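Written below as structure tokens is the structure these notes are about.
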Amino acid sequence: MNASVFGSYMGGTKHNTIVSPSMIKSIMQSKATTSAPLVNRALKAFGDDLGSLRDLNTTDYQVFHHKLPNLLMREPFITEASETTIQLLKREVPNFVTFCRSVVDQTLWERGSDVEVVDDNGDKPACEANLFDLVRGFIGNITTTTLMGQAILEAFPSLLDDLWVLDNRFPLLAIGVPRWAPLPGVPAAYAARDRILNSLAAYQQAFLQWDDGIDPGVKFRDLEDVSEPLKQRIRTSKNLGLSPRSSAPGHLSLLWAMNVNSSNIAFWYLVRLYNDPTLLEEIRKEISPYVKAHRPSREETGFPFEEPPRISLNLKGLLDSCPLLKASFYETLRLDSADMSFRKLTSDLTITESNEDVTNSDRTKPHSYKVYKGESLILHHGVLQNDSRYFSNPSQFDPLRFIITDPETGEKKANMHTIHPFGGGMSGCKGRTFAERQLLAFTAAMIVMWDIEPMDGSHFTVPRHRQSSGAYLPKNDIRVRIIARV
Ligand code: HEM
């Protein structure tokens, strides 16, 4: 494949798909594009039927759809959210599986994951479970609690299950397939969306009462731990005169953005590592100064019963001194996310590829393309991430391709260089810094705390990809045996 730009016509609009790294970069930085049509289409699919959030005046639109999400990329959110997430991971990774036989006593993420305790594993507790369901529920729980506070999932324990049902058919809702369409999963997706919107409206209502010093009732006893960007989002909705129900599609768009990519990537990241025992051991060694799990003895605690394991975790150490862990995350993003950035041109633009891109093609000089106001641009990160001109043996999991060594000091660093799995520019992912920190910490804690083994044979069969609205879903779940390492 040698062309860098492909044009197609659909619905009377020209759609230009771009796969050249230099052109993708220059478009993401260009001021001649907007993502508003995509944001508006998504909001409609999320239930903004009357346009309350799409038809805001220019200033209010800017505040609601850019200024508020931008808080997720800045301090103090990054530090506060990282600390909250680390606390939650330290508390909950030891409960990733609890070995409770009764569903009533299991955690929310275990309940839909078909967990079965096994008795034939000697003195180490073990169980079997569906790994994708477990990881998705776990990361969804940690992310949602970090951003929206603990009360929301206590009040609405099925919120995330409904989100997965909606996400399953979201591309169809986004192209306007109606509620009554006789397509499998579509009526269920609309029903799930309605339940989520009702929950988010009740959440906003409760927060505003709590904010005014009024008791929001037993369901939402304390909302102090809601993150600041969420608090500001709800207060802004009120100031704009939006009712809780009219604001709910906006909250749903954020709930969706914060959950669907991270939880899918967390699953692939774990599978890629546990599938390569040599790499897994190297990473365990690399992270060993920064992440530890141990089970306090009865002598240490003085209690007559065994305490659950404890995890210590130094995030700075993981971020600054663990290039293999980080490079494996980037390699997972390269292989298992196929995100796209959608833009519409607000004025004509000429895009020219770099000399470096020409070197990787059979052309002799850089090509320029003129694209016109009103046309749409699809920046296809997934195609680029699997292009053999930039990645040799593109289907092979090889984190070393993201490690660079300083020629003078010999210091190794992980660098994402050409790939853009989080998009970029004004409309790039607002959660990327948080997501990277959370997923590195989660994976590091998991691999010190748990052994995960395939049920059939010594290697996992890495599932095939299933297209989704964000990072790939697995075509099928995988059944695994999970054993405590401490
Ligand atoms: C591995 C995890 C994630 C991946 C791969 C990912 C990827 C993306 C991509 C590709 C976009 C579109 C960017 C563009 O159009 O150029 C996006 C948008 C967005 N993401 Fe993420 N994301 C992840 C996690 C998160 C998290 C955890 C949050 C929230 C804390 C988040 C919040 C957002 C928001 C708010 C947008 C919309 C930006 C806008 O339209 O202005 N994402 N994400």
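Read the numbers this way: they start at 1 and go in the same order the structure lists the ligands and their atoms. One-based numbering along the sequence shown. Here the structure is a predicted model, which is why all the values come from computation and not from measurement.
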Protein heavy atom at shortest distance from atom 15 (O) of ligand 1: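 Heavy-atom neighbour on the protein nearest atom 15 (O) of ligand 1: R343 NH1, 2.9 Å.
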Set of side-chain contact (heavy atoms from CB on, under 4.5 Å) partners for P37, sequence neighbours left out: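 Scan of P37 (side-chain contact (heavy atoms from CB on, under 4.5 Å), adjacent residues dropped) gives T34, K344.
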Contacts of K373 that satisfy side-chain contact (heavy atoms from CB on, under 4.5 Å) - sequence neighbours left out: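 Counting only residues at least two positions away or on another chain, K373 forms a side-chain contact (heavy atoms from CB on, under 4.5 Å) with D348.
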Near-ring test F207/F220, centroid separation under 6.0 angstrom: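 Ring-ring flag for F220/F207: false, centres at least 6.0 Å apart.
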Ring centroid separation F329 to F402 under 6.0 Å: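 So the answer is no for these two rings.
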Within 45° cone and under 6.0 Å: R466 NZ/CZ vs Y472 ring: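 Relative to the ring axis of Y472, which defines the angle, R466 lies outside at least one limit.
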P421 neighbourhood, listing ligand 1 atoms whose heavy-atom distance to it stays under 4.0 Å: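 Near P421, meaning under 4.0 Å from one of its heavy atoms, ligand 1 has 5 (C), 7 (C), 10 (C).
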For D339, the ligand 1 atoms whose distance to one of its heavy atoms is below 4.0 Å: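 In order of number, 5 (C), 7 (C), 10 (C).
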Stepwise side-chain contact (heavy atoms from CB on, under 4.5 Å) check, R233 with F64: CA-CA 7 Å; R233 205 177 167 90; F64 201 89; 3.9 Å; yes
Parallel, tilted or perpendicular: rings of Y369 and H367 (30°, 60°):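 Because their plane-to-plane angle is over 60°, the rings of H367 and Y369 count as perpendicular.
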Option set S341, G424, S427, S263, criterion heavy-atom distance to atom 39 (C) of ligand 1, minimum: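 Among S341, G424, S427, S263, the closest heavy atom to atom 39 (C) of ligand 1 belongs to S427.
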Residue pairs fulfilling salt bridge (charged side-chain N to carboxylate O under 4.0 Å, His left out) with at least one residue in residues 141-154, sequence neighbours excluded: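 For residues 141-154: E154-R221.
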Metal environment of atom 21 (Fe) of ligand 1, protein N/O/S under 2.8 Å: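 Sorted hits: C429 SG.
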Any protein heavy atom nearer than 4.0 Å to atom 10 (C) of ligand 1: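 Yes, at least one protein heavy atom sits under 4.0 Å from atom 10 (C) of ligand 1.
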Closest non-hydrogen atom pair, E436 against Y330: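 Distance-wise, the nearest heavy atoms are OE2-OH, 3.0 Å.
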Any G428 heavy atom less than 4.0 Å from ligand 1: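 G428 counts as a contact of ligand 1 under the 4.0 Å cut-off.
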